[in-house]
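The structure appears right after this line, and notes come after that.
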Amino acid sequence: MSQLLCRISKLSSARNHFLCFRRSEFSTATAAATPYLLLADDVVGKSPCGGTVVNFNLYDPRKQEQVKVENKILSKEVYKSRRIGSSRGWLALLNKKDSTVRLTNILNPSKKIISLPPITRDKYEHHVNVSVSSSNEEDCVVAVKFYGSRVSLCRPGDSEWTRIDVPCPSFHSSTVIYSERDRRFYLNNCNPDYTGPTDFTPKTGLPTPVSGHKRFLFSNFLDELPELKNEMRLSRFRIQQQLVESTSGQSFIVAWFVERFTDKGEVAPWGDARYINRKDLCRKTHKIMVFRQDEEQGIGPYTDDIGDLCIFLGENESFCLSAKDFPGLNPNSVYFAGHSSGFGICDLASRTIRYLSDSTPPPGRMFWLPPTMC
């Protein structure tokens, strides 16, 4: 058992290691019709202009196979940048030297690269995720959420980022998403008992409001986890709570349970000091639960039926698609991709989790990229 978990979950040390699926030809003309998981990239050469030529390795969940975007030329500034998130087809990159931020769309070559000014951060401050208000580069607003009490916003053409300090710990590890329905950014509140302020928009005339999402209490939470009736057992998991909104305006909070194991198959609870800085631990998705956010009744009931929707969780801004619009996707499912824990699909009706590969996950963060017209 432990060998299987490690085989699924351990990181590869090689930068250009990728998963071995049946390859198919990639066409940018049809890329807009499919979501992809960005796995890794392979350096294949240098361009005459001094850039780096790479092949991007993607996973197509509709065909359940790997595809490649070949011979993409990345400038030196882009190649030397670190991926910090993705949203609405944009891949967000942070330059390691000067902290400038760039947005690029690898699936749509007609999109130009958006350059943004350096983003200020504390020495030990880490990014949570990135949200972009639009796929249109002319009028988008970019939000970067950090662990702790800060979110920073910027528009193309701005000379600096607008810093927003969130004065409460309930949003410490929250993600940020943009709501098409409400035309504002939301921070996911991880505490349903929070009664503090929810409007964090500064008075400096920021064009896009920033609010804390008023989360409703999960109903039937422990009833759906009979094996975990006490807090000590819950502590074995890292539970990520991600807010996601469908194109029709439905809101969900997805609870993503991830557990760790030693190479002997022993559970390594999160927060246990004995396992700090252990790099030989395997990660595995244990369960995924979805809770509707019913604003009319003011409740957040558990559901195992989201119709034909598919939810995509990863290092990206979470998003929903309709399986009717994208044949080949599994309806009523959650597709997930976790750093060092592999990627797979959770069927909500049967409550089963199936990994889409038993190969070693590629190194680094993985991002689901929505169809570019979304």
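The existence of a salt bridge linking Arg292 and Asp305 is excluded, since no basic side-chain nitrogen approaches an acidic carboxylate oxygen closer than 4.0 Å. A salt bridge does not link Asp139 to Arg155: none of the charged nitrogens lies less than 4.0 Å from a carboxylate oxygen. At a threshold of 4.0 Å, the pair Lys80-Glu77 does not count as salt-bridged, since none of the basic side-chain nitrogens sits closer than that to a carboxylate oxygen. Ionic pairing of Asp272 and Arg274 is present here: one or more N-O contacts between side-chain nitrogen and carboxylate oxygen are shorter than 4.0 angstrom.
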*Any chance you could lay out the side-chain contact (heavy atoms from CB on, under 4.5 Å) test for Ser133 and Phe185, step after step, and finish with the verdict?*
CA-CA 8 Å; Ser133 64; Phe185 288 106; 4.1 Å; yes

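Side chain of Thr201 to backbone of Val210: a donor-acceptor contact under 3.5 angstrom is found. Checked by atom type and distance alone, the side chain of Asn95 never pairs as donor or acceptor with a backbone atom of Thr100 at under 3.5 Å. Side-chain N or O atoms of Ser81 include none that pairs as donor or acceptor with a backbone N or O of Tyr79 at under 3.5 Å. Under a 3.5 Å cut-off, the side chain of Asp42 and the backbone N or O of Asn57 do not form any donor-acceptor pair. With Thr285 contributing its side chain and Lys287 its backbone, the two residues share no donor-acceptor pair below 3.5 Å.
Under 3.5 Å, the side chains of Asp308 and Ser322 contain a donor-acceptor pair of N or O atoms. Using modelled atom types, one finds no donor on one side chain facing an acceptor on the other under 3.5 Å when comparing Gln241 with Asn188. Side-chain contact annotation: Thr34 with Arg62, donor-acceptor N/O pair under 3.5 Å present.
Between Tyr335 and Trp368, the ring-plane angle classifies as perpendicular under the 30° and 60° cut-offs.
Among residue pairs with one or both ends in residues 310-320, those qualifying as side chain to side chain donor-acceptor pair (under 3.5 Å) are Ser87-Glu317, Arg88-Glu317, Ser131-Glu317, Gln242-Ser318, Glu315-Arg365; sequence neighbours excluded.
With sequence neighbours left out, Phe200 forms a ring-ring contact (aromatic ring centres under 6.0 Å, His included) with Phe171.
Its side chain within the 4.5 Å cluster rule, Phe146 clusters with Ile84, Trp90, Leu94, Val101, Leu103, Ile114, Leu116, Ile119, Val130, Val132, Val142, Val144, Trp161 among the Ile, Leu, Val, Met, Phe, Trp and Tyr residues.
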